[in-house]
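The next block holds one structure in the form of structure tokens; read it before the comments.
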Amino acid sequence: MRFTVLTLFPELIEQGFSTSITGRAAEKGLLSLRCVNIRDYALDRYGHVDDYPYGGGAGMVMQAPPIYRAYEAAVGDGKKPRLIYVTPQGRVFDQKLATELAKEEELYILCGHYEGVDERILEEIATDRISIGDYVLTGGELPALVIMDAVSRMVPGVLSNEESGEDESFMNGLLEYPQYTRPEVFLDRPVPEILKSGHHANIARWRRNESLKRTKKVRPELLEQADLDKADRKFLSELEREEESENQ
Ligand code: ADE
């Protein structure tokens, strides 16, 4: 996967990307990052890239020409790339979209700042508009890193076989079960007995039930889309009955 990020803060993107798993994958050649500093393509020698909004209002708007020049320099005479503009006005990012984006060979991400970006450049170059959630950040760099991280770990080879859990939260539509490691007792809390039993089928059932319990408690809406079998439904209705009797 090749990432190209158009940004006013390339150091932030480079720092965030070069650490940990994504950094290691880049060293192995599985991922690459190229940052293009939009300010290098400013129209004046002072490096201005923003201006007052037409129609008035607070804040400044990023101008189209510097972004277009940065984009053209990056694309060269290649074909039109998939370009994500990160914005709270976009489609909300989730695991499904991360998995889909990971199939691309190349992704461009445009990070905005100030009060936004001239709509005309977005119409011209953005193929996708993506939000990382219903809150507003000061700029697009953190959302870009979030998207790059989630996409990178879905690229084959980036995670080791053991790491690339099919068990993971969201991959099966449920939240992940709790995990434990040594010591066996921590602050009087022992590890659940069943996890030490060596009985794989019982452990798998226990984990599945813990996933169901967690999901029902904090993200009940996920259960509507999840792939549930007879045993799952039975466990959930038992849970329901227990809750009802506790509430009485
Ligand atoms: N830019 C500012 N806030 C954002 C958000 N929530 N998602 C994506 N881009 C953003």
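A quick note: this is a predicted structure, and the numbers were derived from the prediction, not measured. For ligands, and for the atoms within them, numbers begin at 1 and follow the listed sequence.
- If you number the atoms of ligand 1 from 1 as listed, the ones under 4.0 Å from a heavy atom of G133 come out as 6 (N).
- For the residue pair I13 and C35, the shortest heavy atom distance occurs at CG2-SG, 3.6 Å.
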Between T87 and R129, is the side chain to side chain donor-acceptor pair (under 3.5 Å) condition met? List the steps. CA-CA 6 Å; T87 166; R129 300 185 192 208; over 6 Å; no
Let me see the working for H113 and E141 under side chain to side chain donor-acceptor pair (under 3.5 Å), right down to the final yes or no. CA-CA 9 Å; H113 258 268; E141 283 72 19; 2.8 Å; yes
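- Remark: distances from the non-hydrogen atoms of T138 to ligand 1 are all 4.0 Å or more.
- Side-chain atoms of K216 and K213, non-hydrogen and from C-beta on, never get closer than 4.5 Å to each other.
- The heavy-atom pair separating N172 from A226 by the smallest distance is O-CB, 4.5 Å.
- Counted by atom type alone, Y108 and R34 present one or more donor-acceptor pairs between their side chains at under 3.5 Å.
- For atom 7 (N) of ligand 1, the closest heavy atom belonging to the protein is I132 N, 3.0 Å.
- Using a cutoff of 4.0 Å between basic side-chain nitrogens and carboxylate oxygens, R205 and D232 are scored as salt-bridged.
- Residue-to-ligand polar distances keep P143 apart from ligand 1: every N/O pair is separated by 3.5 Å or more.
- Residue-level proximity to ligand 1 for L137 is carried by backbone and side chain together, each with a heavy atom below 4.0 angstrom.
- The N/O atoms of V136, backbone and side chain alike, include none that comes under 3.5 Å of an N/O atom in ligand 1.
- Looking at ligand 1, you won't find any N or O of G140 less than 3.5 Å from one of its N or O atoms.
- One finds a salt bridge joining D118 and R120 here, because a Lys/Arg side-chain nitrogen approaches an Asp/Glu carboxylate oxygen to under 4.0 Å.
- Counting protein heavy atoms only, atom 8 (C) of ligand 1 is closest to T87 N, 3.4 Å.
- Ranking the protein heavy atoms by distance from atom 6 (N) of ligand 1 puts Y135 O, 2.8 Å first.
- Of all atoms in ligand 1, listed by their number and element, those nearer than 4.0 Å to a heavy atom of I130 are 8 (C).
- Residue, atom and distance of the protein heavy atom nearest to atom 1 (N) of ligand 1 are P88 CD, 3.6 Å.
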